[in-house]
Amino acid sequence: MRHIKASERLTEKKVEKKLHAEKKSASQDEDKPKEPKYGPMPTLPNQRLWTRGMMVGGALIVLMFTSGKGREVTIAKQAETVQHKGQHVHCSDDYTKELQQYAGCVPEQCGRVITDGLVSTKEAKDMLQLAKKGMALGGSDGGATILDLHSGALSKGTAFVNVYSLQPNLLTPQDYKLYKTVRTKIHHSVAHHFGVAADLLHLTHPTFFSRLTDIEAKSPNDEYWHPHVDKETYEAFHYTSLLYLNDFGEDFKGGRFVFVDQDHTNRTVEPKRGRVSMFTSGSENLHYVEKVSSGERYALTVSFTCNIEAAIKDPATPK
Ligand SMILES: O=C(O)CCC(=O)C(=O)O
Ligand SMILES: [Fe+2]
């Protein structure tokens, strides 16, 4: 067992409190008690009550079978500014095996947090330019182009090329600096919100820029809209974060991020430039991205692990 320092304990307590408070306010938002609209219910003779009850019950059953859709809640709209808005979600069993091995790092409190303002609009704009510069050297034939500045992988046609082989001096010293500044901010924010000491958390593969469009998929890599669990795709993942680089509804249509929750509720995040979404990577956070219907949607996926063997380094100037 790792000995948790008193100061860390305090931080964890605070985070726990914060997540509780956020959960409370989130559910309060969603389930505000309504004033009775039509005044008190009239009292009815027993028989009529029965018939009424049967009718209402029947209608409910029909509704359940015909709608089958559950409800939708928006966690963060593009037009609003949110600060650490999120929910607690009961952790899945996905981490049980690792709890001892990576004590103090593996999620024990699961959920998601969305925050604007951590990454400035200027930083997000500059990151977008960086993504565009790299992607100009390739691009998928289908709807999803990815650029991984750690490995150099870039979609081209229906396969991948290495941007550093194509252009060794692609990134300027300012580019490296910007990338590192932004990813360090996200790193500390993930650590803080999930109550983990930042040095126990490591950046992992794949961490990449994405550009999503409405172009028809040409390879399985282009099919970005399937519901999935990040930890099932990449075992080392413990925390996933996303930085959105442009705006839903303005730069592109469709492309909202959707958490598919066990309570038959889809909880949606609308991408907004500079918005960061962080969540635990297990099956408590099943999610998908809606198909983009027009425009180009840019984001950066930043992935974290507790397993130092799966750690990757920041991109650095070639020697
Ligand atoms: O771009 C997004 O909003 C999410 C992408 C995603 O689900 C992923 O990279 O695993
Ligand atoms: Fe994902």
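Just so you know, residue 1 is the first one in the sequence shown, and it goes up from there. All ligand and atom numbering here is 1-based and tracks the order in the structure.
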(request) Compare all side-chain heavy atoms of Y298 with those of M135 and state whether any distance is below 4.5 angstrom. (result) yes

(request) May I ask you to list the atoms of ligand 1 that are less than 4.0 angstrom from any heavy atom of D230? (result) 10 (O)

(message) Looking only at protein heavy atoms, which one is nearest to atom 8 (C) of ligand 1, and what is the separation?
(response) H228 NE2, 4.0 Å

(request) May I ask you to list the atoms of ligand 1 that are less than 4.0 angstrom from any heavy atom of Y244? (result) 2 (C), 3 (O)

(message) Suppose we measure from atom 1 (O) of ligand 1 to each protein heavy atom; which comes out shortest, and what is that distance?
(response) R297 NH1, 2.8 Å

(message) Just to verify, which of Y288, F279, F248 counts as forming a ring pair (Phe, Tyr, Trp, His ring centres under 6.0 Å) with F257?
(response) F279

(request) Kindly give the atom name of the N, O or S atom of H287 closest to the Fe ion (ligand 2). (result) NE2

(message) Among the N, O or S atoms of D230, which one sits nearest to the Fe ion (ligand 2)?
(response) OD1

(request) Scan side-chain atoms only and decide if T240 and S281 contain a donor-acceptor pair under the 3.5 Å cut-off. (result) yes

(request) May I ask you to check whether D222 and S140 show a side-chain donor-acceptor distance below 3.5 Å? (result) yes

(request) Could you pull out the closest heavy-atom pair between A311 and T305, with the gap in Å? (result) N-CG2, 4.5 Å

(message) Does either side chain, that of S283 or that of D94, offer a donor lying less than 3.5 Å from an acceptor on the other one?
(response) yes

(request) Below 4.0 angstrom from a heavy atom of F208, which ligand 1 atoms are there? Numbered from 1 as shown, please. (result) 9 (O)

(request) Please indicate whether any nitrogen or oxygen in T301 is less than 3.5 Å from any nitrogen or oxygen in ligand 1. (result) yes

